[in-house]
Amino acid sequence: MNRPNPAIVSQAGARPLPRWALLLVCAAYLLPGQIGRDAWRHADLVAFGFMDALAQGRSPWHSPLLAQLPPPDGALLPYWLGAGFIKTLPFLSAELAARLPFVALLAAVLGLVWYAAFHLARTEAAQPVSFAFGGEAATLDYARAMADCAVLALMACLGLLQLGHETTPELVQLFGVALWLYALASAPFKLARAQALSAFGLVTLALSGAAQFAVLLGAGGWLVSQHSRLEGVRHLRWGLIAGLGLTAALATVLDLWQWRAQAPDWISILRLIAWFTWPCAALALWTVWRWRAFLTHRHVAVPLTLAVAGLSTAFAMGGNERALLLALPGLALLAAFALPTLNRSLSAMVDWFSVFFFSAAALALWLYYVSLHTQALPRMTRSLQRLLSPEFAPAFDPWALLIAASATVAWLLLVRWRTSRQRHALWRSLVLPAGGTVVVWLLLMTLLLPALDEARSNRSLLSALRHQLPPQLDCVAVPAQNLSLAATLEAQGGWRVRADQPLASSACAWALAPVPLERATDMPAGWRLHAILSRPGERSGRYQLLRRF
């Protein structure tokens, strides 16, 4: 027996979020933290190092190199984008110029998810049930409301916060995933565009270091299209086949196949999924259950295919959070389709959890800000001082304080609006999770950005190196292929770096190597210890500066 459609939505419930409010929330999510900070350690700094090497001519464009080492992920397109903007905008700092295309990519991801949800919600199977005496949601109004819900759900995901604001290949991969999602959603309405964008999305994934995932996603999209009830969707198979062929050809010619499988740690992976995908994963599971009779219909099958592909890849890579990032658009769309089926108790649980969690986080950030500038809270002051260099002096920024205060007032008004008045709009259950995530990010990137930048960047280490290294030297050796350290020396310090040789055979006169905190490593022949450097807040190790004799 066919189960009835579980979506019950009145016309009042299909009221869309005001455009100005949605655009303001998106801007508050996209822009903070993009200006006035260095590239942060590890993946963000390594990606900037490759971009700067291309832009400054230290590396060939067809084969990016940093300190004579290739990228660990085999990506090309992300580094081309960042390097192109560095060369095009020489009047900006290199870090800011490289960051601009990635801000645009994240904005494009939000836009593509909105339109994907809009097109999927327009399909007949996704429409809410008709009322006996009328008053059910109109098709387009319902589709717009569902699209608003999908964007709010994506912004509410905690895992997107930091990774979405970095200049790493994973953000370009996320853009490729969003293109694929939009192509499959819009195929019945704009077939030619969908065919082109589906192929372009798969090629984008391949050129950004995810060729295997592109093949997996292309095959999943082909299966969905092959078994579709709509002829227009079935024609999308040819665009996906073309994309798969281009992906395989490019990955083979450019050597983009990267196998990074690891044995999974199930407890760690489940813990990662719980916080990384909150609240989308829980709502997505609810969608799969309530819409279980419609799993083969496009509004469930398309985002479910993406979510399963992303989760499977994350498991295969041992719980890699950057692979899990690619599942978020699919989970966000599934979460949106949960809202027409939620009862009041579940909606209230999400609301109250969001109120307590984000209010506590906002309060903690304000207290850290007060302790940073006044030392009125000794325990918090000491915890901050352990992360910062002794030379760090926080500067008072009235504009940052004004923006943070305005965001806090907006959060309090939003909580009051949501908890004191009954609203029927579909998006009401995601207003607090998305708004709380945006407010906490905005507070972090205004009140504590200088301190966070000091702790997360290599600025203090670079300052110490400038006092130790002579102004003129041929090169600095970085053993153990430490790309993050090499990017600090080469892209930010301006030294020529070799990280592809062991110290015993290096021609450099100086070397910098991380060592365990408890002891220094044995000195290789021909080298002596010049200095021990450390960075505040790093408990796992120090750096030994070596000099050849």
Side-chain angles (χ1 to χ4, degrees), residues 17-18 21-22 24-33 148-149 151-162 164-165 271 274-283 332 335 338-339 342 344-374 376-381 383-384 387 397 399-423 425-452:
L17 189 66
L22 183 61
L24 183 62
V25 171
C26 290
Y29 186 84
L30 290 169
L31 300 179
D148 293 343
C149 293
V151 173
L152 291 176
L154 184 59
M155 287 191 291
C157 289
L158 298 179
L160 186 62
L161 263 183
Q162 178 181 331
H165 293 81
R271 189 184 299 118
W275 75 262
F276 194 92
T277 63
W278 188 91
C280 287
L283 293 174
L339 300 183
L342 280 184
R344 290 187 178 181
S345 60
L346 289 175
S347 178
M349 182 179 66
V350 173
D351 285 339
W352 285 111
F353 178 84
S354 301
V355 168
F356 287 116
F357 178 79
F358 291 113
S359 296
L363 177 61
L365 293 175
W366 275 106
L367 293 177
Y368 272 112
Y369 176 76
V370 171
S371 65
L372 182 66
H373 287 272
T374 66
L377 303 168
R379 181 174 298 179
M380 287 187 167
T381 301
S383 66
L384 286 173
L387 300 175
D397 186 347
W399 288 108
L401 181 62
L402 178 62
I403 294 172
S406 301
T408 305
V409 171
W411 169 248
L412 295 175
L413 293 175
L414 181 63
V415 171
R416 182 180 181 277
W417 172 85
R418 181 65 187 96
T419 57
S420 63
R421 299 176 62 184
Q422 178 61 36
R423 296 283 180 172
L426 277 175
W427 38 264
R428 69 187 186 278
S429 297
L430 286 172
V431 164
L432 290 179
T437 303
V438 171
V439 166
V440 167
W441 178 252
L442 190 59
L443 293 180
L444 188 63
M445 293 296 106
T446 51
L447 298 178
L448 297 178
L449 179 60
L452 187 63

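In what follows, every heavy atom counts, from backbone to side chain, and hydrogens, waters and symmetry copies are set aside. This structure is a prediction, so every number in the text was calculated from the model and none was measured.
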How long is the gap from [atom1] on [X] to [atom2] on [Y], to the nearest 0.5 Å?
X: Leu432; Y: Thr437; atom1: CG; atom2: OG1; value: 10.5 Å
X: Gln162; Y: Trp441; atom1: CD; atom2: CH2; value: 7.0 Å
X: Leu448; Y: Tyr368; atom1: CG; atom2: OH; value: 9.5 Å
X: Leu339; Y: Leu346; atom1: CG; atom2: CG; value: 11.0 Å
X: Leu426; Y: Asp148; atom1: CG; atom2: CG; value: 9.5 Å
X: Leu443; Y: Ile403; atom1: CG; atom2: CD1; value: 11.0 Å

What's the shortest heavy-atom distance between [X] and [Y], and which atoms?
X: Leu414; Y: Gly435; value: CD2-CA, 4.2 Å
X: Pro32; Y: His165; value: O-CD2, 4.1 Å
X: Thr446; Y: Pro450; value: O-CD, 4.3 Å
X: Ala332; Y: Cys280; value: CA-SG, 3.9 Å

Inset, instruction - For Arg428 and Arg418, indicate whether the former's side chain and the latter's backbone hold a donor-acceptor pair under 3.5 Å. - result: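 No.
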Within the structure provided, determine whether [X] and [Y] are in side-chain contact (heavy-atom separation under 4.5 Å).
X: Val25; Y: Val151; result: no
X: Pro433; Y: Val350; result: yes
X: Leu447; Y: Leu401; result: yes

Inset, instruction - Take atom CH2 of Trp275 as the centre, draw a 6.0 Å sphere, and report whether it contains more than 12 heavy atoms from other residues, nucleotides or ligands. - result: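 Above 12, so yes.
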Inset, instruction - Could you walk me through whether Ser347 and Asp351 pass side-chain contact (heavy atoms from CB on, under 4.5 Å), step by step? - result: CA-CA 6 Å; Ser347 178; Asp351 285 339; 4.0 Å; yes
Inset, instruction - Applying side-chain contact (heavy atoms from CB on, under 4.5 Å), name anything that partners Leu367, two or more places apart in sequence or on another chain. - result: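 side-chain contact (heavy atoms from CB on, under 4.5 Å) list for Leu367, sorted by chain: Leu363, Leu377, Met380.
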Inset, instruction - Just jot down the side-chain contact (heavy atoms from CB on, under 4.5 Å) partners of Ser345, sequence neighbours excluded, or say none. - result: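 Scan of Ser345 (side-chain contact (heavy atoms from CB on, under 4.5 Å), adjacent residues dropped) gives Asn343.
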Inset, instruction - Carefully, step by step, assess Phe358 and Val439 under the rule side-chain contact (heavy atoms from CB on, under 4.5 Å). - result: CA-CA 8 Å; Phe358 291 113; Val439 166; over 6 Å; no
Inset, instruction - Tell me, with the steps shown, if Val440 and Leu161 meet side-chain contact (heavy atoms from CB on, under 4.5 Å). - result: CA-CA 10 Å; Val440 167; Leu161 263 183; 5.6 Å; no
Inset, instruction - Take Leu430 and Met155, measure what side-chain contact (heavy atoms from CB on, under 4.5 Å) needs, and give me the verdict at the end. - result: CA-CA 10 Å; Leu430 286 172; Met155 287 191 291; over 6 Å; no
Inset, instruction - Run the numbers on Trp411 and Ser359 for side-chain hydrogen bond (donor to acceptor under 3.5 Å, both in side chains), then give the verdict. - result: CA-CA 8 Å; Trp411 169 248; Ser359 296; 3.1 Å; yes
Inset, instruction - Report the relative orientation of the aromatic rings in Phe357 and Phe353; use parallel for angles under 30°, tilted for 30 to 60°, perpendicular for over 60°. - result: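 Plane angle under 30°, so parallel.
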